[in-house]
Colleague: 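First the structure, then my questions, so here it is.
Small disclaimer: the values here were computed from a predicted structure and weren't measured.
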Amino acid sequence: MSSEQKHIRLICDLSLIHSNAKWRYPGSWSGYAKYGDPALYLDIARILERGLFDGGFFADVAGTPMVNGSMKDTVELGVAWPRHDPIPMVAAMSTVTERLGFVTTMSMTYNHPFHTARMMASLDHVTRGRVAFNAVVSGFPQEGQNYGYDSIPDHEWRYERADEFQQVLSKLFDSVEPDAMVWDQETGIVADASKVHRIDHEGEHFKVMGPLPVAPSPQGRPMQVMAGQSDSGMRLAATYADLQFAGANGHDGKAKHRARLDEKCREVGRDPRDVGIVWAGSFDVVSGPAEEKEIREKLREQYSDRLLHVFLSQWWGLDGYPIDPDAYVHDVIAEVRGAGVAPNWGYLDMAMTNSTPTTTIREYAREWLVYGAEYIGTPEQIADYMEEAFHASGANGGFMIAPRSGVPAGIERFVDEVIPVLQRRGLFRTEYTGKTMRENFKGA
């Protein structure tokens, strides 16, 4: 990242636009088949590129969570379910765009670094240099059970594995030098063998000979993004990520998170400007208070108490652990800690910060899903918020926005109404300056 970044980066979260009752919102998926048919995603890709977005993002969890010992509610209500592998959709969306980037997700807990490096380098070729991958340390119990674990592997083990995973990735991406390919029609030489190297990695978790059997990709190596609110997650992102996804309430919260990441970067010997942050949150564009009230009422109708309960249990990583919707958030979290359950501690810490001792599980879940849109208001109000938050958190990154009220209409409204305001203020690009995702992120 430039030390004088002028323009906000924008990524659109497309992970769950088919679930969590979003498909029920008036106008959503109108004229499209419900999930699995790529038509909607292809149209979204065209809209995002017209809006000069940096990318579209797909989170991924390969499990079907249980609540109180059953997956019935998850499946019946479609809470983050079903979830297809996003990589084929990324490949399809890249065929109707030329500059838009894409972020897919790979688990460092359950995948192998050789498979990951080969897949992502290959996808970088398919997208012509427009792919990044969200490297995650997985923390959902049902996902682990699909990969042969009885429960989530130990926290320390997962992060040790992730660190070695990253070491192997770096070696593999460097195993074929940028100018190794020859393709000489006369001599028949495909590559300069002196520029293709075995890595012969042998560690605690992985043994990999190499080299990566993929020609150097357009970006050299795909961009890498990470989340992570815990100290371990922050250190991992500071060491290896180009970009971090993060959530923090208010400008002060964002500034404090940025300061934590900067400190971790300095500890591992990196310039903090090398790691940008995109702040995650849902959004709604409205014409004024009357429309805002109407949207909130519609959203409240969609989110039943049953759905909210399932969502929060899954989000916190409490699959199978009983929680009472009328219990207090602080009491439940204290109980979970005492029981030694291994959930997503970063989200639980966030819940402790953003609730009071008398906030119930039901109230917090409703606040998170229905009222938790940080970016809600008129185009000018949203631009005001983004401008203030961007500068308050160091002008290094931008926002990952998730559509809530109407897909693709809500995305198109953001492109048509908010983007021009940001451009008039000099806060957002008026054209793509690079061909690859990395080049566009490195721009001013």
Colleague: Could you tell me how the ring of Phe58 sits relative to the ring of Tyr41: parallel (under 30°), tilted (30 to 60°) or perpendicular (over 60°)?
Modeller: tilted
Colleague: Are any of the side-chain heavy atoms of Leu169 and Met106 separated by less than 4.5 Å?
Modeller: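 SC-SC contact between Leu169 and Met106 ruled out.
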Colleague: Quick check: does any side chain N or O of Glu335 sit under 3.5 Å from a backbone N or O of Val332, one acting as donor and the other as acceptor?
Modeller: no
Colleague: Side-chain contact test, heavy atoms from C-beta onward, threshold under 4.5 Å: evaluate it for Thr433 versus Glu439 and give yes or no.
Modeller: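 Counting from C-beta outward, Thr433 and Glu439 never come under 4.5 Å.
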Colleague: Is the backbone of Ala238 close enough, under 3.5 Å, to the side chain of Arg270 for a donor and an acceptor to pair up by distance?
Modeller: yes
Colleague: Looking at Ala132, is its backbone amide N or carbonyl O close enough to the side chain of Gln224 to form a donor-acceptor pair, meaning the two atoms are under 3.5 Å apart?
Modeller: no
Colleague: Quick one: pull up CD1 in Ile295 and CG in Asp284 and give me the separation to the nearest 0.5 Å.
Modeller: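 It comes to 4.5 Å.
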Colleague: Can you find a heavy atom in the side chain of Ile44 that is under 4.5 Å from one in the side chain of Ile17?
Modeller: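 Yes. Closest side-chain heavy atoms under 4.5 Å.
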Colleague: Could you check if a side-chain atom of Ile419 sits within less than 4.5 angstrom of a side-chain atom of Phe414, using non-hydrogen atoms only?
Modeller: yes
Colleague: Do the side chain of Arg258 and the main chain of Ser393 share a donor and acceptor less than 3.5 angstrom apart?
Modeller: no
Colleague: Do the side chains of Arg273 and Asp242 get close enough for a salt bridge, i.e. N-O under 4.0 angstrom?
Modeller: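 Answer for the salt bridge query: no.
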Colleague: Taking atom NE2 of His391 and atom CE of Met386, what is their separation to the nearest 0.5 Å?
Modeller: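 One finds 13.0 Å between NE2 of His391 and CE of Met386.
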Colleague: Got Lys435 and Arg99 here, is their nearest side-chain heavy-atom distance under 4.5 Å?
Modeller: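 Yes, close enough: below the 4.5 Å cut-off.
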Colleague: Please find the pair of heavy atoms, one from Leu172 and one from Leu212, that lie closest to each other, and give the distance.
Modeller: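 Smallest interatomic distance, heavy atoms only, reads O-CB, 3.5 Å.
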Colleague: Quick check for you: to the nearest 0.5 Å, what is the distance between His197 atom NE2 and Ser175 atom OG?
Modeller: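 Taking NE2 in His197 and OG in Ser175, the distance rounds to 8.0 Å.
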Colleague: Is the count of non-hydrogen atoms from other residues, nucleotides or ligands lying under 6.0 Å from Arg83 atom CZ greater than 12?
Modeller: yes
Colleague: Can a donor-acceptor pair be found between the side chains of Gln167 and His201 at a distance below 3.5 Å?
Modeller: no
Colleague: Determine the sole option in Ile11, Val415, Asn440 for which the side chain to side chain contact (heavy atoms under 4.5 Å, CB included) test with Phe53 is passed.
Modeller: Val415
Colleague: Consider side-chain hydrogen bond (donor to acceptor under 3.5 Å, both in side chains). Of Thr436, Asp124, Thr127, which one does Ser217 pass it with?
Modeller: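 Single side-chain hydrogen bond (donor to acceptor under 3.5 Å, both in side chains) partner of Ser217 among Thr436, Asp124, Thr127: Asp124.
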Colleague: So Phe165 and Phe206, would you call those rings parallel, tilted or perpendicular, with 30° and 60° as cut-offs?
Modeller: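 Rings of Phe165 and Phe206: perpendicular, over 60°.
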Colleague: Please lay out, stage by stage, how Met226 and Val136 fare under the test side-chain contact (heavy atoms from CB on, under 4.5 Å).
Modeller: CA-CA 6 Å; Met226 292 180 177; Val136 300; over 6 Å; no
Colleague: Between Asp54 and Met437, is there a donor-acceptor pair closer than 3.5 Å when you use the side chain of the first and the backbone of the second?
Modeller: no
Colleague: May I ask you to say whether Arg296 pairs ionically with Glu292, meaning some side-chain N is under 4.0 Å from a carboxylate O?
Modeller: yes
Colleague: Could you walk me through whether Phe102 and Phe57 pass the ring pair (Phe, Tyr, Trp, His ring centres under 6.0 Å) test, one step at a time?
Modeller: CA-CA 6 Å; Phe102 303 94; Phe57 169 75; over 10 Å; no
Colleague: Assess whether atom CG of Asp150 is packed by more than 12 heavy atoms of other residues, nucleotides or ligands within 6.0 Å.
Modeller: no
Colleague: Could you walk me through whether Arg337 and Asp349 pass salt bridge (Lys or Arg N to Asp or Glu O under 4.0 Å), step by step?
Modeller: CA-CA 11 Å; Arg337 290 188 186 279; Asp349 290 341; 2.6 Å; yes
Colleague: Indicate the atoms forming the closest heavy-atom contact of Ile411 with Leu14, along with that distance.
Modeller: CD1-CD2, 4.1 Å
Colleague: Which heavy atom of Leu100 sits nearest a heavy atom of Glu49, and at what distance?
Modeller: N-OE1, 2.8 Å
Colleague: Specify whether Tyr375 and Phe399 have parallel, tilted or perpendicular ring planes, treating 30° as the upper limit for parallel and 60° as the lower limit for perpendicular.
Modeller: perpendicular
Colleague: State, to 0.1 Å, how close Ala162 and Leu236 come at their nearest heavy-atom pair, and which atoms those are.
Modeller: CB-CD2, 3.8 Å
Colleague: Which value, rounded to the nearest 0.5 Å, describes the distance between Asp200 atom CG and Lys171 atom NZ?
Modeller: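 Separation between the atoms: 9.0 Å.
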Colleague: Is the backbone N or O of Phe441 less than 3.5 Å from a side-chain atom of His7, with the two atoms forming a donor-acceptor pair by type?
Modeller: no
Colleague: For the pair Glu267 and Arg260, evaluate salt bridge (Lys or Arg N to Asp or Glu O under 4.0 Å) and give the outcome as yes or no after the intermediate values.
Modeller: CA-CA 11 Å; Glu267 287 177 3; Arg260 283 182 63 207; over 6 Å; no
Colleague: Ignoring hydrogens and angles, tell me if any N or O in the side chain of Gln219 forms a donor-acceptor pair with the backbone of Arg221 under 3.5 Å.
Modeller: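 Pair absent, no side-chain N/O of Gln219 close to backbone of Arg221.
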Colleague: Are side-chain heavy atoms of Phe133 and Val225 found at a separation under 4.5 Å?
Modeller: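 Heavy-atom side-chain distance check fails, nothing below 4.5 Å.
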Colleague: Would you check if Ile382 and Pro379 make a side-chain contact, meaning some heavy-atom pair closer than 4.5 Å?
Modeller: no
Colleague: Between Glu291 (side chain only) and Ser287 (backbone N and O only), is there a donor and an acceptor less than 3.5 Å apart?
Modeller: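 Yes, the answer is positive, given that a donor and an acceptor are paired below the 3.5 Å cut-off.
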Colleague: Quick one: does Thr97's side chain have a donor or acceptor within less than 3.5 Å of a partner on Arg46's backbone?
Modeller: no
Colleague: Can you name the closest pair of heavy atoms from Val79 and Asn20 and give their distance?
Modeller: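 Heavy atoms of Val79 and Asn20 come nearest at CA-OD1, 3.2 Å.
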Colleague: With no hydrogens and no angle check, is any side-chain donor or acceptor of Arg161 less than 3.5 Å from a backbone partner on His205?
Modeller: no
Colleague: Which class fits the ring pair His84 and Tyr35: parallel under 30°, tilted 30 to 60°, perpendicular over 60°?
Modeller: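 The rings of His84 and Tyr35 sit tilted, inter-plane angle from 30° to 60°.
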Colleague: Starting from the C-alpha separation in whole Å, work towards a yes-or-no answer on salt bridge (Lys or Arg N to Asp or Glu O under 4.0 Å) for Asp384 and Arg425.
Modeller: CA-CA 10 Å; Asp384 287 343; Arg425 298 184 185 188; 2.7 Å; yes
Colleague: When you compare the side chain of Pro420 with that of Arg424, does any pair of heavy atoms fall below 4.5 Å?
Modeller: yes
Colleague: What pair of heavy atoms forms the shortest contact from Ala255 to Ala392, and how long is it?
Modeller: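 So the two residues come closest at CB-O, 3.6 Å.
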Colleague: Step through it carefully: locate the ring centre of His257, locate the ring centre of Trp279, and say whether they are under 6.0 Å apart.
Modeller: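 Yes, the ring centres sit under 6.0 Å apart.
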Colleague: Quick one: sort the Tyr110 and Tyr147 rings into parallel, tilted or perpendicular, breaks at 30° and 60°.
Modeller: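 The arrangement is parallel - the two ring planes meet at less than 30°.
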Colleague: Between Arg50 and Asp416, does any side-chain N to carboxylate O distance fall below 4.0 Å?
Modeller: yes
Colleague: For residues Trp81 and Thr64, is any side-chain donor paired with an opposing acceptor at under 3.5 Å?
Modeller: yes
